[in-house]
Protein chains: 2
Amino acid sequence: MSFTRARSYHHGDLRAELLQRAEATLRESGVDGLSLRQLARDIGVSHAAPTRHFRDKQALLDAIAVAGFERLGDSFENLTSTGSFTEPMRAMARTYLRFATDNAELLALMFARRYSPVAGDAMSRAVDRAFATPIALIAAAQDRGEIIPGDPRRIALTAVAALQGLATFLGSGLVVAEDADAWLDETVAHLMLGLRPR
Amino acid sequence: MSFTRARSYHHGDLRAELLQRAEATLRESGVDGLSLRQLARDIGVSHAAPTRHFRDKQALLDAIAVAGFERLGDSFENLTSTGSFTEPMRAMARTYLRFATDNAELLALMFARRYSPVAGDAMSRAVDRAFATPIALIAAAQDRGEIIPGDPRRIALTAVAALQGLATFLGSGLVVAEDADAWLDETVAHLMLGLRPR
DNA sequence: ACCTGAACACCGTTCAAGT
DNA sequence: ACCTGAACACCGTTCAAGT
């Protein structure tokens, strides 16, 4: 059955397979290498079939971005906020930067600010969940007096922004990839201790 | 003369006009709205003419990115490193974030990590120049003992990375654009003083 | 409800030929 | 040296028609 399913008239789970295949193509060939027609050809379906599941190409890209934020949220899941704050903070930073370097094309898509208005709902849910762990981390450290007071969301997002920028610089080659770990440590140290001498 | 020049067989300065027009289109319609054929139509030249000046579309995008880094370098030019360090630092941050928000599509292109190998030379010259001012700013502050010791390039790039990440979050809507100034101040304060209580 | 095939209006790139 | 026009192999999107 499952052998012939791909050749039957109705595919069965075309939406899921389109998404999965699109993510693979994105990783291998970048956004520019992603075409709806090629995708349909790869799966063995007519070029017009994807329209049923994604109204246009942007809708597919939006769905990939949502899946990306969900995966980012998953990768934060086993972070703990116990112990001295520096360690959870460094673990979060490593997780984010690892996701960023392992999924460079995907990350660019996630922050490409091209979402269709329609995508907003599922998108913002996934985004909120992805950043929930860093925010909770900051809040827990504040309770222990290890972090200055202030809105934990704002503090968390400025911290993650520093990592996001570092990921961008790494991706562009402005910072050489081999030194990524050293840059990561330095970024965390600067964030925690500041640039002004103590 | 200049009225008929655009209609004569030889254009005269097609390369410069292609670049200028492309930057305008990029600003108005984004990268996705940028097509060589449309560009040629806008200028009033055959669709194959651009090939003489840019071997392919990527070469044009590279040239736009180089021009972007040059403009970024220009906008840093009148920053001074005198006075208490906090003020030059905030001025630099404002300049970068302003450039980022005023040229969102361009900035994305500048860090799109798709440079053709050929572009590397002019590109790295423009990049080096663009970041020279922030690096000099850090070095001067170190001399006055207002900044911790360490490689000024590394310190400057981690600082600019924090701004770059903030610009990305602003562009994606993760941080609302109206609060940009407040986020900027908070980012600079965190960078200078750190997140750990003093 | 889901998919196909043809049609339409676009692309980027190449290359002989024109000026 | 620079530009044109035709040709080629692609796109995304739409829509009647098929299952």
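Below, read A as the first sequence line, B as the second, and so on, with proteins coming before strands; counting in each chain starts at 1.
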K.L.:
Which of the following nucleotides, D:dT13, D:dC3, C:dT13, is nearest to the side chain of A:K57?
P.N.:
D:dT13
K.L.:
In Watson-Crick or G-U wobble terms, both distances under 3.5 Å, what is the partner of C:dC8?
P.N.:
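C:dC8 is paired, partner D:dG12.
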K.L.:
Taking the six-membered ring for Trp and the full ring for Phe, Tyr or His, determine whether the centres of B:F99 and B:F69 are under 6.0 Å apart.
P.N.:
no
K.L.:
What is the separation between atom CG on B:D56 and atom P on C:dC11, rounded to the nearest whole Å?
P.N.:
17 Å
K.L.:
Centroid separation under 6.0 Å, is that true for the rings of A:F76 and A:F131?
P.N.:
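Ring-ring flag for A:F131/A:F76: false, centres at least 6.0 Å apart.
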K.L.:
Answer yes or no: does a side-chain N or O of A:S35 lie under 4.0 Å from OP1 or OP2 of D:dG12?
P.N.:
yes
K.L.:
Of all the choices, C:dT14, D:dT4, D:dG12, which nucleotide is nearest to the side chain of B:T51 once you look at every atom?
P.N.:
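Closest of the options to the side chain of B:T51: C:dT14.
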K.L.:
Are the side chains of A:V176 and A:D179 in contact, using a 4.5 Å heavy-atom criterion?
P.N.:
yes
K.L.:
Are any of A:Q38's side-chain N or O atoms less than 4.0 Å away from OP1 or OP2 of D:dC10?
P.N.:
no
K.L.:
Partner lookup for D:dA1, please. Criteria are Watson-Crick or G-U wobble with both distances under 3.5 angstrom; report none if nothing qualifies.
P.N.:
C:dT19
K.L.:
Taking atom P of D:dC11 as reference, at what distance in whole Å does atom CG of B:L36 sit?
P.N.:
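From B:L36 CG to D:dC11 P: 17 Å.
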K.L.:
Please determine if A:R90 and A:D185 form a salt bridge, counting it only when a charged side-chain N lies under 4.0 Å from a carboxylate O.
P.N.:
yes
K.L.:
Any donor-acceptor pair under 3.5 Å joining the side chain of B:R37 to the base of C:dT13?
P.N.:
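Indeed there is one.
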K.L.:
In whole Å, what is the span from the CD atom of B:E17 to the C1' atom of D:dC2?
P.N.:
15 Å
K.L.:
Rounded to the Å, how far apart are A:L39 CG and D:dC11 P?
P.N.:
11 Å
K.L.:
For A:D32 and C:dC11, what is the distance between atoms CG and P respectively, to the nearest whole Å?
P.N.:
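After rounding, the gap between these two atoms is 16 Å.
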K.L.:
If you compare every side-chain N and O of B:H53 against the phosphate oxygens of D:dA1 (OP1, OP2), does one of them come in below 4.0 Å?
P.N.:
no
K.L.:
Kindly say whether, by distance alone, the side chain of B:H47 makes a donor-acceptor pair under 3.5 Å with the base of D:dA6?
P.N.:
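Checked by distance alone, the answer is yes.
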K.L.:
Which part of the nucleic acid, if any, lies within contact of A:R15, taking any heavy atom under 4.0 Å across all strands shown: a base, the sugar-phosphate backbone alone, or nothing?
P.N.:
nothing
K.L.:
What is the distance, rounded to the nearest whole Å, between atom CD of B:Q58 and atom P of C:dG12?
P.N.:
12 Å
K.L.:
Is any NZ, NE, NH1 or NH2 atom of the basic residue among A:R129 and A:E70 found under 4.0 Å from an Asp or Glu carboxylate oxygen of the other?
P.N.:
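The answer is no: the pair does not qualify as a salt bridge.
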K.L.:
Just the rounded figure in Å: distance from C1' of D:dG18 to CZ of A:R52.
P.N.:
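Rounding to the nearest Å, CZ of A:R52 and C1' of D:dG18 are 13 Å apart.
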K.L.:
Which nucleotide in the list D:dC11, D:dA7, C:dC3 gets nearest to the side chain of A:S46?
P.N.:
C:dC3
K.L.:
Which whole-number value in Å describes the distance from A:F54 CZ to C:dC2 P?
P.N.:
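Atom CZ in A:F54 sits about 13 Å away from atom P in C:dC2.
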K.L.:
Ignoring the backbone of A:A48, work out which of D:dG12, D:dC2, D:dC15 is nearest its side chain.
P.N.:
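Nearest nucleotide to the side chain: D:dC15.
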